[in-house]
J.: 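One structure, pasted below without further comment.
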Amino acid sequence: MPEQSSQNQDKFIVRLPDGLRDRIRLAAEVNHRSMNAEVVALLEENYPSPVPEKLEDPAARLLFWLAKRIRRRSPKPGSPRDKQAALYERIAVDISERMRDIGE
């Protein structure tokens, strides 16, 4: 996915319960990323991109198939297996979008 400037990205204001901001900050420090990147990573894990209806690229199809196999075992949210499935899905979406751009 091409990077967007912050001016073109969606913005969403959230009210956090007491203490949650500090927990996010600590998690972001542990993961060596900004608080914003930490929140986006968590949202991406919990709300993965939908599987495109038609995948032409074999690599993207394989990654979605692997992610589907992992998710059939219902990994605990945030577990390494859940993160692996989310990563496969994100890469597959990226591959299919880039291949579509090449074809245009």
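Along the sequence shown, residues are numbered consecutively beginning with 1. Small disclaimer: the values here were computed from a predicted structure and weren't measured.
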J.: Find the distance between CG (L63) and OG (S96) and round it off to the nearest 0.5 Å.
T.: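 That separation rounds to 10.0 Å.
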
J.: Grouping I, L, V, M, F, W and Y whenever their side-chain heavy atoms are under 4.5 Å apart, do L16 and F12 come out in a common cluster?
T.: yes

J.: Looking only at heavy atoms, which two atoms of A67 and A85 are closest? And how far apart?
T.: CB-O, 3.6 Å

J.: Identify every side-chain donor-acceptor pair in residues 24-35 under 3.5 Å, counting partners at least two apart or on other chains, and give the distances.
T.:
residue: R25; atom: NH1; partner: E29; partner atom: OE2; Å: 3.2
residue: N31; atom: ND2; partner: A27; partner atom: O; Å: 3.1
residue: N31; atom: ND2; partner: E38; partner atom: OE1; Å: 3.0
residue: N31; atom: ND2; partner: E38; partner atom: OE2; Å: 3.1
residue: R33; atom: NE; partner: E38; partner atom: OE1; Å: 2.7
residue: R33; atom: NH2; partner: E38; partner atom: OE1; Å: 3.4
residue: S34; atom: OG; partner: A37; partner atom: N; Å: 3.0

J.: Distance check, rounded to the nearest 0.5 Å: D94 atom CG versus R90 atom CZ?
T.: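 Between atom CG of D94 and atom CZ of R90 there are 10.5 Å.
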
J.: Atom CG in D57, atom CD in E97: separation rounded to 0.5 Å?
T.: 12.5 Å

J.: Which pairs count as salt bridge (Lys or Arg N to Asp or Glu O under 4.0 Å) when at least one residue sits in residues 74-88, sequence neighbours excluded?
T.: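 Counting only pairs at least two positions apart or across chains, the salt bridge (Lys or Arg N to Asp or Glu O under 4.0 Å) contacts touching residues 74-88 are R71-D82.
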
J.: Which value, rounded to the nearest 0.5 Å, describes the distance between R72 atom CZ and I70 atom CD1?
T.: 11.0 Å

J.: State whether the side chain of S79 and the backbone N or O of P75 hold a donor-acceptor pair below 3.5 Å, judged by distance alone.
T.: no

J.: If two hydrophobic side chains count as joined below 4.5 Å and joins carry through other members, does L42 share a cluster with L87?
T.: no

J.: Quick one: list whatever passes side-chain hydrogen bond (donor to acceptor under 3.5 Å, both in side chains) with R23, sequence neighbours left out.
T.: none

J.: About how many Å separate CG of L62 and CD1 of I95, when rounded to the nearest 0.5 Å?
T.: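 Atom-to-atom, I95:CD1 and L62:CG are 9.0 Å apart.
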
J.: What about W65 and M99, same hydrophobic cluster or not, with Ile/Leu/Val/Met/Phe/Trp/Tyr joined at side-chain heavy-atom distances under 4.5 Å?
T.: yes

